[in-house]
2 protein chains.
Amino acid sequence: MDTSEKNVITSLDVARHAGVSRSAVSRTFTPGASVAPATREKVLASAKALGYQVNMIARTMNKGSSNFVGVVTAGFDSAFRASLLSPIAHSLSRRGLMPLLMNADDPAQLEQSLHALLSYQIAGVILTSASPPLSVVQHYLDRQIPVAMINRGHELAGAEVVGSDNRAGGRMAADALLKGGARRLAFVGQGAHNFSSRERWLGFSQRLAEVGVEAQTVFNETPGYQGGMQALLALFSQGEGPDAIFCATDMLALGVMDALRFTLHLQVPQQVQVIGFDDIAQAAQLAYDLTTVRQDSVQLAQRAVGAIVARGENFMRVAEFEPVPVTLIERGTTKIQK
Amino acid sequence: MDTSEKNVITSLDVARHAGVSRSAVSRTFTPGASVAPATREKVLASAKALGYQVNMIARTMNKGSSNFVGVVTAGFDSAFRASLLSPIAHSLSRRGLMPLLMNADDPAQLEQSLHALLSYQIAGVILTSASPPLSVVQHYLDRQIPVAMINRGHELAGAEVVGSDNRAGGRMAADALLKGGARRLAFVGQGAHNFSSRERWLGFSQRLAEVGVEAQTVFNETPGYQGGMQALLALFSQGEGPDAIFCATDMLALGVMDALRFTLHLQVPQQVQVIGFDDIAQAAQLAYDLTTVRQDSVQLAQRAVGAIVARGENFMRVAEFEPVPVTLIERGTTKIQK
DNA sequence: TTGTACGCGTTATCAC
DNA sequence: GTGATAACGCGTACAA
C-alpha cells in the first residue's frame, strides 16, 4: 500500500481540468490580471473541485519578493510587548502578509537571525524591541526592505518610526500627580539608552519645570517588577522620599507599589501616589488598581503594518512621524480632588 | 543615479568567483554532501567575500518542503501561553526552523489561516491553543505534515501530544491544601471542554476521594481573572463556602484571591487557602505570593519541537506520550504546618 | 483575451 | 569528486 503519489495540486492540474492553459489559471489568481469572466469562472470551479491553492513559495521565487514580514520581539514575557503581538499578527493577516517570528532575547543569536531573514525574500521587518543593533537594520534598508520600529527614536534615516506620544503621556502623569497634591515627585525609568523611557521622562520633567518643580529620578538598568522594587528602595534609602512616583512602565510601577506596601509599609495613594505607563491587563486588577497612561497597541500595530505596506509600494516615500495619542486611565493609585 | 542593479548574489556568482561549478557551491551548503575539502574552502571563501547566502525560497521550491513551522496561538494575552512562545521560538531556531506565527483569536479567520499555511510547504505545526478545530488539523496529517499539540487530549491519531502531568499537579494541590488543614475544598476550572482543566480536576478529585473528601466544583466559561472572580462569588453565593480552593490556572486564582480579599473581605490563607496552576511571573509578585503548580514551559517547548522534527524524519513513528513533570511552588496562599 | 515559452535559484541525478 | 542538466511551480513578456 505505498501511496506515495504526489498529492499536491498544481496550476497545471487545474488548467487541464478546466480545459484552459496554465497562464489562464495563474492570471485568475493574480490580483489585477486580465481574464475573461467566463474562463475565470471555469478556473475557479475547477480549483475548488480539486482543492487547489497557489504555491506561495513558487510565487515568491519568481516574483523576487514574498509576503513574509519579520516580527522581531525581545521578551514575550513583557506584557505590553505581548499585547502588541496579537494586533500585529492580525493586521498583517488582513493584508495577506505572514508574520515570521524572530526572538531577540539573545543578542548574539539575534544578529545571525536577522541576517538569515534576508534569505526568505521578506517584504519587511517590524521591530518591537528596544535592543536590536541598528547595523543589521541598515542591511535591510540597503536592500530596499522596509523597516518599521515601534517606540524608538529616529536614529535611522529611511526607517519608518511608529510610536506613542510618550512626551504627552509624561505630561499627563505630571498633571495627575500634581492635581493629587504631590509635592516631592520622582521618576523611575529604564536605562537612559531606552528611547521611550527617556521621552516619558522628558515630558514629565518639562511639565514639572513649567510649574517650578524638580523631580528626583532613578534610571534602573533592571527592567520590570524587580527593577521597580530596587528603584523604590533606592529612592527611600536617603532623605524623606517622594510622595508621588511616575514609572516609565506598568511593570516598574507594580514593583514600586509592592515595595512601598510590603517593604516600607506605606499607603498608596494616601502617602505615596503612583502612576504607570502602558495599561497592561494587570494594572486593572484590584490588587493594584493602578492609574496609568494607556498606549493604544492596536493603533501602533496598524500603523507599523501600514508603514511597511506603504513603503513596499514606494520605498522612497517621505515618512512623517505622527505620534499615537495616549490616554490617562485614572484608577486608585492617585488622589483625585474634584 | 538609477542603481537598480540586481544586487542579490546567487550560487552562480559564487561559482564563477571560485572557479567551480554551481553544483560545487550547492554541495558546499548542503549538509551531508560530498565535496573535496579544497574546493569547499574555495567556495566558502568566495561566498564570504561576495556575501552570499542560500536562497531558502529556491531551496524550498526545489526540495518540496521548507523549514517553516506554523505556531498557532490564541491570545498572547494569556501569560502562560506567552511564556511558551519564547522557548518555542528558541528551540525552533536552534534546529534551523522558522516560526510562522498564526493568531487563533478569531475562530472564523483561523480556519482560513490554517489552510493558507499549506501553501508555504511548512515542515510542521505546533498548536498551543485549546481551540483550533481538529478538522483542519486532520488536513495536515493527511498531507504527512507533523502536528504537535501542547496540553491537549489524544483526540487525533497521528498527532504528537505534549503536555504537563496535569493529574499529578491536581494531586499535589489536593495534598497541599489538606496539609494546610482544609476541610471544605473547591475546584475552579474552565469549561469542561478544556482538556487540561479537566485533567487537573481529575487528579485533584481522585486524591480527595482517596481520603474520603468531596470537592465543590465550578466550571466557568469565562477564563482568566474575571472568570476567577465570577466563580468565587458563585461558590460563596450559598452555604458556608469553601476554606480551600484549587484553580486550574493562575489567572483564575488571582481573580479568586481578589474577590476573596476585596469583595468578601476574607483573609488568605487564614480563612481560605488558594492554589493556582502554571506559575506565571505574576504569581511570585508580593501582592499575590501565590502557591501554585509550576509547568515547565521550556521542557514543553523543547518536546513539541523535538516531536515535529522526529516525525518529520519518520512520519509513521510511534508516539509515546510522556507527561512533563510539574512542581509545587509553595508560597503564601497556603498554610504550611511542619 | 488567450496560449507559448522563458526564467526565477536551487538541489538531485547522472555521467564523467 | 566534479560538472552539465533537468526538474520544482509560478508569473509574465510576447506573439497570436
Side-chain angles (χ1 to χ4, degrees), chain A residues 4-44 46-47 50-68 96 116 118-123 143, chain B residues 5-44 46-47 50-68 96 118-123 143:
Chain A
S4 61
E5 352 141 14
K6 285 285 171 195
N7 204 11
V8 61
I9 312 293
T10 79
S11 59
L12 184 56
D13 298 321
V14 179
R16 278 204 269 260
H17 185 278
V20 296
S21 75
R22 250 194 11 239
S23 20
V25 178
S26 174
R27 280 190 271 260
T28 301
F29 289 98
T30 302
S34 78
V35 205
T39 48
R40 182 185 173 77
E41 291 296 320
K42 275 196 298 185
V43 169
L44 286 177
S46 298
L50 299 177
Y52 168 77
Q53 52 183 324
V54 178
N55 182 329
M56 295 304 286
I57 300 296
R59 170 180 281 181
T60 296
M61 164 135 99
N62 111 347
K63 299 189 71 157
S65 102
S66 71
N67 54 359
F68 293 126
L118 286 173
S119 55
Y120 292 93
Q121 319 266 58
I122 54 176
R143 307 207 186 186
Chain B
E5 351 141 16
K6 283 288 171 193
N7 204 11
V8 61
I9 312 293
T10 79
S11 59
L12 185 58
D13 298 322
V14 179
R16 278 204 268 260
H17 186 277
V20 295
S21 74
R22 261 203 341 255
S23 324
V25 179
S26 173
R27 279 192 275 261
T28 300
F29 289 98
T30 302
S34 76
V35 205
T39 46
R40 184 186 171 76
E41 291 297 319
K42 276 197 297 185
V43 169
L44 286 177
S46 298
L50 298 177
Y52 168 77
Q53 53 183 326
V54 178
N55 182 328
M56 295 304 286
I57 299 297
R59 170 180 281 181
T60 295
M61 162 133 102
N62 176 303
K63 303 188 77 154
S65 100
S66 71
N67 54 359
F68 293 126
L118 286 173
S119 54
Y120 291 94
Q121 319 265 59
I122 55 176
R143 306 206 185 186

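Letters A, B, ... are given to chains in the order of the sequence lines, protein chains preceding strands, and every chain is numbered from 1.
When rounded to the nearest whole Å, the span between CD1 of A/I57 and P of D/dA7 equals 22 Å. When rounded to the nearest whole Å, the span between CZ of B/R22 and P of C/dA12 equals 14 Å. Distance CD (B/Q53) to C1' (C/dG9): 13 Å, rounded to an integer number of Å. Spacing between atom CZ of A/R16 and atom P of D/dG9 amounts to 12 Å, rounded to whole angstrom units. The distance from atom CD of A/Q121 to atom P of C/dG9 is 8 Å, rounded to the nearest whole Å. Rounded to whole Å, atom P of D/dC10 lies 11 Å from atom CE of A/M56. Going from atom CG of B/N62 over to atom P of C/dT10 covers 10 Å, rounded to whole Å. Per the geometry, OH belonging to A/Y120 stands 14 Å off C1' belonging to C/dT10, to the nearest Å.
Here C/dA12 is the nucleotide among D/dG1, D/dC10, C/dA12 with the atom lying nearest to any side-chain atom of B/T30. Out of D/dT2, C/dT4, C/dA12, the shortest distance to the side chain of B/T39 is found at D/dT2. Comparing D/dG1, D/dT12, C/dG9 by their nearest atom to the side chain of A/M61 picks out C/dG9.
The base of C/dG3 sits within donor-acceptor range of the side chain of A/R27, with an N or O pair under 3.5 Å.
As judged by a 4.0 angstrom heavy-atom cut-off over every strand, B/Y52 is placed among residues touching the sugar-phosphate backbone only. Looking at heavy-atom distances under 4.0 Å, A/T10 makes contact with sugar-phosphate atoms alone, never a base. Residue A/V35 is classed as a sugar-phosphate contact, given heavy-atom separations below 4.0 Å to backbone atoms only. Contact annotation for B/T60: no contact, since no heavy-atom pair falls under 4.0 Å across all strands. In this structure, A/S11 reaches the sugar-phosphate backbone alone: every heavy-atom distance under 4.0 Å involves primed, P, OP1 or OP2 atoms, never a base.
Side-chain contact between B/H17 and B/Y52: absent, with no pair of heavy atoms (C-beta onward) separated by less than 4.5 Å. Counting only heavy atoms from C-beta outward, the side chains of B/P37 and B/E41 never approach each other to under 4.5 Å.
Under the 30°/60° scheme for interplanar angles, the aromatic rings of B/Y120 and B/F68 are found to stand perpendicular.
Distance check, rounded to the nearest 0.5 Å: CD1 of A/I57 to CG of B/N62 gives 12.5 Å.
A close approach under 4.0 Å does not occur between any side-chain nitrogen or oxygen of A/S26 and OP1 or OP2 of D/dT12.
Each of A/S23 and B/V20 was matched to the nucleotide of DNA chain D holding its nearest heavy atom; the match closer to the 5' end belongs to B/V20.
When atom types are taken as modelled, the side chain of A/T30 and the backbone of A/S26 share a donor-acceptor pair closer than 3.5 angstrom.
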